[in-house]
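Below is one structure, written out as structure tokens; comments come after it.
The analysis underlying the following values was restricted to heavy atoms, covering all of them including side chains, and did not include hydrogens, waters or symmetry mates. Each residue takes its place number in the sequence, starting with 1.
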Amino acid sequence: MDKFKPICWHLPRPSKSKYKGSVPLHFETKLLKHLGISQNGLLQMFSGGSKLGHTVDIDINTNPDTVADCHNLPFPDNYFDNVYLDPPYSNEESKELYNTGPLKPMKYIAEAVRVCKPNGLICAYHVYWTPRPIGTKYLGIIAIITRVYHKPRVCTIFQKEPRVIINEI
């Protein structure tokens with residue numbers, strides 16, 4: 001995929017979701033369609049209530065495919081075609097919502113790069129523009145707004161370089 005100009009989507013909030021960390025309605029399917037990728041071969045880190053792709057979450061109550069800490073994924077290098085991650089947005093939120101310890105953004109984003117196949121896409125959904133991880137090239141951002149008095153979100157998209165030296169991450 002080539003680099004693209006910033007995009008802004010106005011999407012409805014999740015409808016009657018019991019999961020507090022839900023993304024806006026239709027976001028995930030719209031993202032996959034926009035990027036031209038399938039949920040087959042997709043790893044969804046910090047998956048929460050989502051059911052797209054192979055889901056990973058530390059919370060067993062969300063019924064993920066794999067229960068694991070996204071800072072240390074149990075998958076081999078270059079295993080998934082593409083990776084999508086939607087981590088808690090702060091250490092306070094991580095503790096309050098999920099009863100987990102401090103977040104290590106450089107660690108979980110390095111894990112996303114590690115398990116993504118060369119040339120695969122890494123999509124980081126957060127409240128800020130995610131810095132480019134080592135071993136990737138920046139493709140673009142999608143800003144997401146839902147309603148007034150609600151923080152916008154930013155999905156930053158990277159492509160894993162064809163050859164990444166893991167020891168540098």
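Asn82 and Lys117 form no side-chain donor-acceptor contact under 3.5 Å, judged by distance and modelled atom types alone. Remark: the Gln44 side chain and the Thr55 side chain contain no N/O donor-acceptor pair separated by less than 3.5 Å. Checked by atom type, the side-chain pair Lys95/Asn99 shows a donor-acceptor distance below 3.5 Å. Side-chain contact, Thr66 with His54: a donor N or O sits under 3.5 Å from an acceptor N or O. Using modelled atom types and a 3.5 Å distance limit, the side chains of Ser50 and Glu28 yield a donor-acceptor pair.
Aromatic ring centres of Tyr125 and Phe46: separated by at least 6.0 Å. The ring of His26 has its center no closer than 6.0 angstrom to the ring center of Trp9.
Looking at heavy atoms from C-beta onward, Asp65 lies out of side-chain contact with Val56 at the 4.5 angstrom threshold. Ile141 has its side chain out of reach of Phe4: every pair of non-hydrogen atoms, C-beta onward, lies at least 4.5 Å apart.
The number of heavy atoms from other shown groups lying within 6.0 Å of NZ (Lys151) does not exceed 12. No more than 12 heavy atoms of other residues, nucleotides or ligands shown are found within 6.0 angstrom of OH on Tyr79.
No side-chain donor-acceptor contact under 3.5 Å links Thr146 to the backbone of Pro24.
Within the model, atoms CG of Asp81 and SG of Cys116 stand 8.0 Å from one another, a figure rounded to the nearest 0.5 Å.
Between Lys107 and His71, the shortest heavy-atom distance links the atoms CE-O, 2.8 Å. Arg114 and Lys160 make their closest contact through O-NZ, 3.5 Å (heavy atoms, listed as atom of the first residue, atom of the second, distance).
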Should Cys8 and Ile142 be marked as a side-chain contact (heavy atoms from CB on, under 4.5 Å) after you check the CA-CA gap, both sets of side-chain angles, and the distance that decides it?
-> CA-CA 6 Å; Cys8 183; Ile142 300 171; over 6 Å; no
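Aromatic ring orientation, Tyr128 versus His126: tilted (interplanar angle from 30° to 60°).
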